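Per chain, numbering begins at 1; letters A, B, ... match sequence-line order. Keep in mind it's a predicted model, so treat the numbers as computed, not measured.
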Amino acid sequence: MASREIVRYKSPARTMFSALVILFLIVFFVWTVLPLAIMLISSFKDLLDAFKLPAEGDWGGIGVMFDFEPTGAHYVELFTEKNFGEYMRNSLIASLGSAVVSVFLGSMAAYALSRAEFRGKRDLLFWIISTRMAPVVAVMVPLYVIFRSSGLVGTLPGLILAYTTFNLPFAIWILKGFFDNVPYAIEEAALCDGANRWQALRMIMPLVAPGVGAFIVLCVLFGWNDFLFASIIGSGGAKTLPVATAELVQPVKIQWGSIMAAGVITTVPMMFLGLLIRRYLVTGLTMGAVRE
Amino acid sequence: MATVTISDVWKYYGKTVAVKELNIEVRDNEFLCLLGPSGCGKSSTLRMLAGLEFISSGDIYFGDTRVNDIPPKDRDIAMVFENYALYPHKTVFENMANPLKLQKMNKVDIAERVEWAAKMLEITELLQRKPVELSGGQKQRTAIGRAIVREPKVFLFDEPIAHLDAKLRSHMRGELKHLQRRLETTTIYVTHDQLEGMTMADRIAVMHEGVLQQLGTPSEIYNHPVNEFVAGFVGEPPMNFVDCYIERQDDAVALVNDSGQMKLLLSDAQSRALAEKSADGVVRLGIRPDDLFVEAGQGHGLDFTAKIFITEPLGGDMLVEAELGDDRLTIKRKIADMGQPGEACGLAFNIEKLHVFDRETGEAFF
Amino acid sequence: MFQVPKNALYKKISRRKFLELGGGTAVALGAGSLGVGLGSVITRRPVYASSSMEAKWRQYEGSKLVFMSENTPPSFAIRDNIKAFYDLTGIEVEILTDGLPTVQQKVGIDLRSGQADYQLNYVQDKPIGSPFADFYADLNDFSVDDTLPLDPQGYGDEVWFENYLDACGVYYERGPIRAFPYDCAVSCTFYRQDLFEKLTKDFEADYGYRMEFTDETTYKNMVDFTAFFKKMHERDASIPYGYAQHHGSFGWTTQLDIQRHMYAQNQWLDFAVDDTLGSKNPGPANWGDAQSVKAMEGYKALADVSHPDNLTNGTLELNTVYAAGGVAMQIQYHEFAASVEDSEQSVAAGGRTAYAMGPKGDPSWNADGSNNVVNATNCGIGGIGINAGASMDLQRAAFIFASWACSHETQLMVLQGVGGTPTRRSVLDLPEVKAARNRPTSMPNALTFEAVYDKGIRSPNMVLGPKLPKANEYHEIVRVGTQQCISGELSAQEACESVRDELNAIHGV
Amino acid sequence: MTITESERGIQDPSEYRGVRRIDHAPQIFNNQPARYYLMWLLLPAIILLAGISLYPFVWLIYMSLHEVQLAPGKSDLWAGFDNFSRLFSDKNFARGWLTLFKYSALCLSVEISLGVLVAVILNNSRLEKLFITIFLMPMMMAPVVAGFLYMFLYNGTFGWYFWLLRSLGVLDGGSILGNKFWAMFGVVATDVWQWTPLIALITLAGLKRVPQEQVEANMVDGAGPVRNFFSVALPNLYPFLLIAILLRFMDNFRFIDTILIMTGGGPANATKILPTYLFDVSFKFFELGRGAAIAFTLLLLTILLGLVLTKIFEDPTRKIKSNGGG
């Protein structure tokens, strides 16, 4: 393939253009990072410092933002008084549990769907994917009743199951794409080598393993960030970080410092996970439609 | 160490027939080549032998055992795949050890077997590598190694060297042949490359559109193709075909091409053969490029005068394409100066080596 | 959570008619057979009218109840003190807290299904009480039962503050009491006395009268104050805006805010029904009449000079703005005093804030020119209700808790802790509570008691607001209509008419 | 159908992942015993999914056809299609759809144009790696947290974005979330902040797949970079952007956390997209029948979009998928 470098020739117009482009990139960079920076900074401010703002139009007053005595009090408070350690554990167990369940059941189903030919397969696939696309609010009432009648509301198993409602179809759909791309030959070779079907399936699992790993992480991400299910199915015995964060609005006053600290706690682990699975991220977020 | 009998086997995919009424008996220790173009049913046949496809009707026997309903793992076969089908996450050693491991052989024996095979294939120093670190030829050897460690009853090869480069391919041909001789294992080898079949096989089964065309030794196939398809498929460069009609002059029989520029008098034996098969009217003449003679210029004393279309030097030899009337013929000869395209040249046929086919059915008269 | 003591009366909560809500389908699919409840357990020891008080308290020792509550200070306070209840009764109470919408939803489904996972509910009078009143047990059945540890003060109307029992316990008919008042949020004005004192001269120069907040201050004065602050703010950014209303996404508090304003003028009400009872069929709404339009115009006038973020602030947000020094006045629920007085989180703490009744209506805004104006005050009374779907033993055990939670002692305990809002009159008579009304105080909420308990909730200032089965929809309609007027989308006249039409539509008028 | 040799071919066996396989499964997977085996693998997931999706769906239909009663002991009344026909006269319903489309159109148009612009600039630039890392950060944030963060930034008393806009003289003395006009932009900006990076990443993935030969041919033909973008890159990007639009649109009504947190649909219903209205009807008003009918219309849209999406997924030309990766 030819070089990817594009040959450019210099001209005044192009210099202007480059300057504009750089300006645009800077603005975009600031626009993307600034809220995160403010969140981080505010999480170390006590409430009264957070309220400080320069006068309108007083551009020189921006320094006010950094004029504060950093305090870790919000973080300490979250973990000592507000039980965030427990909520974090709940978040982790629920999202990881659901990810493992989804990917385990999902890879079996995906393998079957990838290998089997039967009438109505397309319809089945469509149904699976549509369960993932359905708006949560639309099905929340009946779901809640089912969960409650099974004694699952407010429990971690319940939350795991709730997250599975969106993680499982996702896992099936994505993993089917993976298995579709695994040639039959390897299984056939295994069969000829004397393997039975189950051993043959195990033989191709390492081929999809990196992807499966990445999608476990993605499922964790979806579960971790979920709010509606967590607040309605989970709250009570299995409160997760987003719900606990939302509850910092109460009582009496919005605890902005704590909310920002909780936001940092909720977001940072996911950012690291995101970096970890960077290669699969776009694939995952587009339901496998776009591959990098 | 076993005969393989394919008895009246049919294979359907839905309504499509992939293999039609196939009967082949593979002898013990024989190297049989299934040869044919894409979609001729040779792979389906091999996969039925392996147990990877089910037999629509008919039977397959290994020795005296009917294997139709036996799953692959119990057939005692080893298969080498076109794309090698190595387990990418396992080392060469683990790849080769896998069948033995599945047989629950103990570790010491496994190591011994694998090393034996690796030595035979000269890949001992690669044993700890993963497939990604191997070249095509090394992968191929690994795949073969995986097949031979078990000493199976039957080897099945599915175009094992199709993806190697030309030089390596010719090298591997020799090695495979040698290996098979050494191991003395019944081998069925699928390929679309006639050269592989010709060079390696004890016998070749040529297939076309699901039907076995001809089963015979390479020389039988080459020298006595039973029909136009086999004749055209085997041999490189391929056989020339010229549409002719039969002209009888008293006792003699001549073949005349449609433009009338060419007229070949057949020998008595050939005439008889035509008469026996009651051929009359139109036929198709086949002649291999080796069996034509061509000389440059006018004063050559050969039977016909043709026109040079193009010449292709091949080092010591050369190919000459010449136009005789409306027909274009490829001739192979020692290299020489044949003049420019469009110039005249002399042309002659080795009448003994003529093949004549029914223009309708393609069946060979001789 | 699934542990069941050996002497448990029922191993599981009876399935009852599983979920009439789509129950047919559910039962058909067999999910219903799993109904175990949320882990409540009941064990009983027989007691008699003549038994000792301790025996009555401990008759359900070893039982477990679930209390579904909103995440508000009293609930947290109760949770902090739940050990006292356990020590007293041996009954374990699991207190689940959620945001109001979630509580509404869970409680709604629970009540509708007749399954009673939550035996005890935090009955916010309008959002939960009004729609689901019929699902709650009549507490009269228990409050005369000698075999229960009854409160020595009793549960009659007279032991609670004026109107409280009506507000949260009486729905649509006299007789049954659906909930006991357990906490209350009563509106009063919080204002920055320091700023008022500092700026009153400037104000007097402009407007010709002193800027003071008294019981006679009217909404029209409020417009003047607010306009003045706005003007000052534009000149000097360190001076806050004057006022902000409650117009966030929380329909109920927005409705309460406009209701106060409307009621202050001529004691205008939405419907021609008795507020203490409410109605399932309230009939045509009064919205769109001359008085409502006139009052709405005044409301809009106030909004126009208020804090620019006026339409985003619910109660909490507004209180945060006030604590941040963003506004000089807010009409706020008195339970918020504790947070405003917290000097670590509020610039309005330490004597800067004073408390007064809500403003009076202004006679000039009365459509009929009458002089009928009041210091309108309204409230949200949180009651404790008992799910009528629970078994009788569970209900009785739940009553023991409800009675304890609303008792004099518990209310004092809560008041001393996070900052409760007592509902029993007797609490106010305690010397330490009386003392706490003045700074420095250990119970900041007590600073509001004069404005709230002594004046605000007294007739005719108190407005209960309509109890309607469709209360939540009503709140939302009023909120949207008001916002449409304030945002300039509709004129006052159009907004009132739009509210009227939508209210009439939901009530089939 | 027969298996042709060429279809089975794999040029470089080390690249198993990403190689298209034959469409027709070998019969070893396609006979009776194999099907039972595969069915057993499939069954647990299907049963679980049916339990948590089909069952609620049946229930939804039941509720949408009944007047769900709000009094103890009363059974639901058969309402036929009343719940649906009442939607036609429901102002808020129509308005909810309109707001949803407006919201989505705003979000998508900004996200697409910004995302494509950024991606085109970054493609093959030295900054690409850095920005890709930056892009991850907003996407990984829980929508609830994003909602709170922007609420904080927009706050009329201490919000930095509020201060910025006021200082620039944009807000004209008003507020962001408290103003009907600006509130919509406020919630849109949050979505844009979170999801433009995804569009940019998708576009980058697409740009990598624009055949370099086409670009070069076009340049030799005398096209400048802008021409080049429109005549070569954009047509190649089209399927990627279509996917992005569909997915984002679907998410716009799947996730309402941000709007619920930030405005609850206000002020004056300015940001009340249909799902938030549905949230009110079902969870605040407890009109379960009407809620189910609204939910049904939303599901219908989902199914329609889903059909379009799966059509693209099944696109025989498979422009979107590349070999390698995955």
Side-chain angles (χ1 to χ4, degrees), chain A residues 1-2 4 21 25 28 32-33 35-36 38-39 50-51 53 56-57 105-106 108-109 111-112 115-117 126 129-131 133-135 137-139 141-143 165 168 172 181-184 197 207 225 227 242 245-246 256 259 263 266-267 270-271 274-275 282-283 285-286 289-292, chain D residues 16-19 21 25-26 29-30 35 37-38 41-42 44-45 49 52-53 56 59-60 118 121 124 134 136-137 140-142 144-145 148-149 152-153 158 160 163 166-167 198 201-202 205 212 240 243 247 250 253-254 257 275 278-279 282 295 298-299 302-303 306 310 320-322 325-326:
Chain A
M1 178 172 288
R4 281 259 174 217
V21 162
L25 277 187
F28 190 81
T32 306
V33 173
L36 296 163
I38 293 180
M39 178 169 86
F51 291 157
L53 207 62
E56 270 162 38
L105 293 181
M108 292 197 326
Y111 173 77
R115 281 355 189 195
E117 304 280 339
F126 179 70
I129 194 66
S130 66
T131 58
M133 297 185 292
V137 269
V139 290
V141 171
L143 261 185
T165 57
L168 181 59
I172 294 178
N181 284 339
V182 173
Y184 294 121
R197 287 174 196 280
L207 276 175
N225 284 348
F227 177 67
T245 307
W256 280 115
I259 288 176
T266 313
T267 312
M270 292 303 109
M271 286 185 183
L275 278 176
V282 173
T283 313
L285 292 175
T286 55
V290 177
R291 296 261 161 91
E292 280 186 289
Chain D
Y16 278 124
R17 271 177 288 128
V19 175
R21 64 177 171 89
F29 298 107
N30 206 12
R35 278 191 191 176
Y37 162 73
L38 292 174
L41 287 179
L42 185 58
L49 265 188
I52 54 190
S53 83
W59 207 325
L60 199 69
V118 172
I121 292 174
N124 298 324
I134 304 288
L136 288 178
M137 304 207 285
M140 296 294 105
M141 186 180 267
V144 173
V145 174
F148 277 121
L149 177 54
F152 181 69
L153 295 173
F158 44 80
W160 282 91
W163 175 84
R166 286 285 285 256
S167 297
L198 179 65
L201 285 179
I202 292 175
Q212 189 71 4
F240 291 85
I243 291 269
L247 284 169
M250 225 176 286
F253 61 86
R254 228 167 79 76
D257 312 9
L278 166 60
F279 186 87
S282 285
L298 263 180
L299 283 177
T302 310
I303 289 171
T310 39
I320 302 162
K321 292 194 185 185
S322 75

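With a 4.5 Å cut-off on non-hydrogen atoms, D:L153 touches chain A through its side chain but not through its backbone. For chain A, the nearby parts of D:V118 are the backbone and the side chain; heavy atoms of each come within less than 4.5 Å. Interface residue A:L285: backbone and side-chain heavy atoms are both found under 4.5 Å from chain D. Contacts between D:M141 and chain A at a heavy-atom distance below 4.5 Å involve backbone atoms as well as side-chain atoms. Only the side chain of A:T266 comes within less than 4.5 Å of a heavy atom of chain D; its backbone N, CA, C and O stay farther away. D:L247 touches chain A through its side chain: at least one heavy atom from C-beta onward sits under 4.5 Å away, while N, CA, C and O do not. For D:L136, the part lying under 4.5 angstrom from a heavy atom of chain A is the side chain only.
Taking OG1 of A:T131 as the start and CG of D:L49 as the end, the distance is 5.0 Å to the nearest 0.5 Å. Between A:M271 atom CE and D:M140 atom CE the span is 8.5 Å, to the nearest 0.5 Å. To the nearest 0.5 Å, atoms CE (A:M39) and CG (D:L149) are separated by 6.0 Å. Taking CZ of D:F148 as the reference point, atom OG1 of A:T245 lies at 7.5 Å (rounded to 0.5 Å). Note that the CG atom of A:L25 and the CD1 atom of D:I121 stand 5.0 Å from one another [nearest 0.5 Å].
For the pair A:F126 and D:I303, the tightest heavy-atom approach, listed with the atom from each and the gap, is CZ-O, 3.5 Å. When every heavy atom of A:P142 is checked against every heavy atom of D:W59, the shortest pair comes out as CB-CB, 3.9 Å. Summarising the geometry of D:L42 relative to A:A112, their closest heavy-atom pair is CB-CB, 3.9 Å, with the distance given to 0.1 Å. Of all the heavy atoms in A:M108 and D:P44, the pair that sits closest is CE-CG, 3.9 Å. Between A:A246 and D:V144, the shortest heavy-atom contact is CB-CG1, 4.5 Å.
Ring geometry for A:Y111 against D:Y37 counts as perpendicular: the plane angle is over 60°, on a 0 to 90° scale with 30° as the lower cut.
For D:A45, the side chain to side chain contact (heavy atoms under 4.5 Å, CB included) partners at least two apart in sequence or on another chain are A:L105, A:A109, A:L168, A:I172. Partners of D:R166 under the side-chain hydrogen bond (donor to acceptor under 3.5 Å, both in side chains) rule, at least two apart in sequence or in another chain, are A:E56, C:Y241.
Residues D:S53 and A:V139 fail the side-chain proximity criterion, which asks for heavy atoms closer than 4.5 Å. In this structure the side chain of D:V145 never reaches within 4.5 angstrom of the side chain of A:P242, judged on heavy atoms.
Among D:A142, D:S282, D:A295, the residue making the largest number of heavy-atom pairs under 4.5 Å with chain A is D:A142. If you tally non-hydrogen atom pairs under 4.5 Å between each of D:L198, D:L298, D:I134 and chain A, the highest count goes to D:I134.
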